[in-house]
Amino acid sequence: AQKVTQAQTEISVVEKEDVTLDCVYETRDTTYYLFWYKQPPSGELVFLIRRNSFDEQNEISGRYSWNFQKSTSSFNFTITASQVVDSAVYFCALSEPTGGGADGLTFGKGTHLIIQP
Amino acid sequence: NAGVTQTPKFQVLKTGQSMTLQCAQDMNHEYMSWYRQDPGMGLRLIHYSVGAGITDQGEVPNGYNVSRSTTEDFPLRLLSAAPSQTSVYFCASSYSGQGVYEQYFGPGTRLTVT
């Protein structure tokens, strides 16, 4: 069975600090997909990134970067120079495309990130 | 494109009442799914559909029914509401293509059962 663990329930940092959100996953499939979503206080889910299991390149998008390591089954997310607008709940999720990805995502429980001014 | 729409945005029910949460997408996506979000629990899959006429159960299907008569619509029915079904419900759609598959989420329905 697939599982996603976000061990950090809540993180609080001061603005401009760097912060890393951890995500560890479990799957028996060799082909799978990992996602990060942001849920701001307004409640909608905002897609941030998708990574497939064959692509271990790290990715950077502005102040956001992702570190995918198959050896440790981790897909960590780093925000550099954090800003108050980054305050949100962040979810890591896993999909095993056995059914073409149709059978939904398995989400972690989320990390509540608080950026203090 | 409106994307994924959900109605209503808020709903209060009494225990034992039934209702239908509506979900529609205008992106011609094959796949649709329903999740519920509870505090500290992340999102959990209730039911999903791989196409019109085909549905299957997710992790927490009890107390919910779905049907998919068209590609666009995927309503979620609560047969007899219970306080344990107080939650935020998200509908999502996705498509098959060159890989998997960003899930496009609706704005959510906040349901309270008293």
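This one's a predicted model, so the numbers in the text were calculated from it and none came from an experiment. Letters A, B, ... mirror the listed sequences (proteins, then strands); counts begin at 1.
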Can you tell me how far CD of Gln103(B) sits from CZ of Phe35(A), rounded to the nearest 0.5 angstrom?
7.0 Å

Less than 4.5 Å apart, side chain to side chain, heavy atoms only: is that true for Phe105(B) and Tyr37(A)?
yes

I want to know whether Phe107(A) and Tyr35(B) have ring centres closer than 6.0 Å.
yes

Could you see if Phe47(A) belongs to whatever hydrophobic cluster contains Tyr33(A)? Use Ile, Leu, Val, Met, Phe, Trp, Tyr and a side-chain cutoff under 4.5 Å.
yes

Within-4.5 Å side-chain heavy-atom neighbours: Gln39(A) and Phe90(B)
yes

Say whether Phe77(A) and Val24(A) are linked into one hydrophobic cluster, either directly or through other cluster members, by side-chain heavy-atom distances under 4.5 angstrom.
no

Separation between CG of Leu45(B) and OG1 of Thr106(A), rounded to the nearest 0.5 Å
8.0 Å

Run the numbers on Leu43(B) and Leu105(A) for side-chain contact (heavy atoms from CB on, under 4.5 Å), then give the verdict.
CA-CA 9 Å; Leu43(B) 280 79; Leu105(A) 299 176; over 6 Å; no

Atom NZ of Lys16(A) with >12 non-hydrogen neighbours under 6.0 angstrom
no

Counting neighbours of CZ on Arg44(B) that are heavy atoms of other residues, nucleotides or ligands and sit closer than 6.0 Å, is the number greater than 12?
yes

So which residue, Pro107(B), Gly40(B), Pro39(B), ends up with the most heavy-atom pairs under 4.5 Å with chain A?
Gly40(B)

Answer yes or no: are there more than 12 heavy-atom neighbours, outside Glu10(A) itself, under 6.0 Å from its atom CD?
yes

Would a hydrophobic clustering, with Ile, Leu, Val, Met, Phe, Trp and Tyr connected at side-chain separations under 4.5 Å, put Ile49(A) with Ile79(A)?
yes

Counting only heavy atoms closer than 4.5 Å, note whether Gln37(B) contacts chain A via side chain, backbone, both or neither.
side chain

